[in-house]
Amino acid sequence: MIENERPSSVVQTPLAAPTVDAIVVTWNARPYLEELVRGLCIVDYPHDAFTVHIVDNVSADGSADYVKSVLADPQQNLPKVVLHEPGSK
């Protein structure tokens, strides 16, 4: 056997993907949120290890309502998305 070679009886287990949390802070950014959602639908990362936190700063352009409507759509292929609004817990 070569010195650095592993014996064939060793079974390697795939490592779990590290947990990733992304924070997106918005204010009147609805058009950009649409683009963000399109990008999140194609992200190549395990959805159980990826969370996006969208923090809305009292937008007047319907940003928070848009995010809520996207989250309510079961057709979206999104990772976990959490909307944070002032006064909400």
Side-chain angles (χ1 to χ4, degrees):
M1 174 174 6
I2 300 174
E3 189 174 315
N4 290 331
E5 188 177 315
R6 293 181 180 197
S8 59
S9 62
V10 174
V11 177
Q12 293 204 7
T13 334
L15 296 174
T19 301
V20 174
D21 285 83
I23 300 171
V24 179
V25 180
T26 68
W27 181 71
N28 291 333
R30 189 179 185 289
Y32 303 105
L33 290 172
E34 292 175 13
E35 188 174 332
L36 173 73
V37 167
R38 281 194 299 273
L40 289 174
C41 287
I42 61 171
V43 74
D44 186 20
Y45 203 80
H47 285 188
D48 62 340
F50 185 49
T51 303
V52 179
H53 299 269
I54 299 177
V55 182
D56 183 64
N57 285 312
V58 195
S59 296
D61 67 347
S63 293
D65 290 334
Y66 171 72
V67 172
K68 289 174 190 174
S69 71
V70 168
L71 295 177
D73 182 358
Q75 299 296 322
Q76 298 289 343
N77 180 31
L78 294 171
K80 181 178 179 185
V81 177
V82 179
L83 175 64
H84 302 272
E85 297 177 87
S88 67
K89 300 209 183 224

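Quick caveat, the model's predicted, so the values are computed rather than measured.
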Task: Exam field: side chain S69 to backbone Y66, donor-acceptor pair closer than 3.5 Å - done: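 Yes, because the side chain of S69 sits within donor-acceptor range (under 3.5 Å) of the backbone of Y66.
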
Open item on the list: If we ignore hydrogens and angles and just use 3.5 Å, is the side chain of D21 paired with the main-chain N or O of V52 as donor and acceptor?
Closed with: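 Here the side-chain-to-backbone pair does not exist.
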
Of the non-hydrogen atoms in [X] and [Y], which two are nearest, and what is the gap between them?
X	Y	result
A17	P46	CB-CG, 3.7 Å
N28	S59	N-OG, 2.7 Å
P86	D56	CD-O, 3.1 Å

Supply the atom-to-atom distance [X] [atom1] to [Y] [atom2], rounded to the nearest 0.5 angstrom.
X	Y	atom1	atom2	value
I54	K68	CD1	NZ	12.0 Å
L83	D65	CG	CG	9.0 Å
E85	T26	CD	OG1	9.5 Å

Would you check if [X] and [Y] make a side-chain contact, meaning some heavy-atom pair closer than 4.5 Å?
X	Y	value
V67	L33	yes
V81	V70	no
F50	P18	no
T51	V20	no

TODO: Evaluate salt bridge (charged side-chain N to carboxylate O under 4.0 Å, His left out) for R30 paired with E35, printing each intermediate quantity in order.
DONE: CA-CA 9 Å; R30 189 179 185 289; E35 188 174 332; over 6 Å; no

- [ ] Test L78 against V37 for side-chain contact (heavy atoms from CB on, under 4.5 Å), laying out the working first.
- [x] CA-CA 8 Å; L78 294 171; V37 167; 4.2 Å; yes

Task: Criterion side-chain contact (heavy atoms from CB on, under 4.5 Å) on K80 and H53, from CA distance to verdict - done: CA-CA 9 Å; K80 181 178 179 185; H53 299 269; over 6 Å; no

Open item on the list: Pair V24, L36 - check side-chain contact (heavy atoms from CB on, under 4.5 Å), show working.
Closed with: CA-CA 10 Å; V24 179; L36 173 73; 4.2 Å; yes

Open item on the list: Is there a continuous path of hydrophobic side-chain contacts, each under 4.5 Å between heavy atoms, that joins L40 to Y45?
Closed with: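 Linked within one cluster.
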
Task: Neighbour count above 12 (heavy atom, 6.0 Å) for Y32 OH - done: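 Count not over threshold, so no.
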
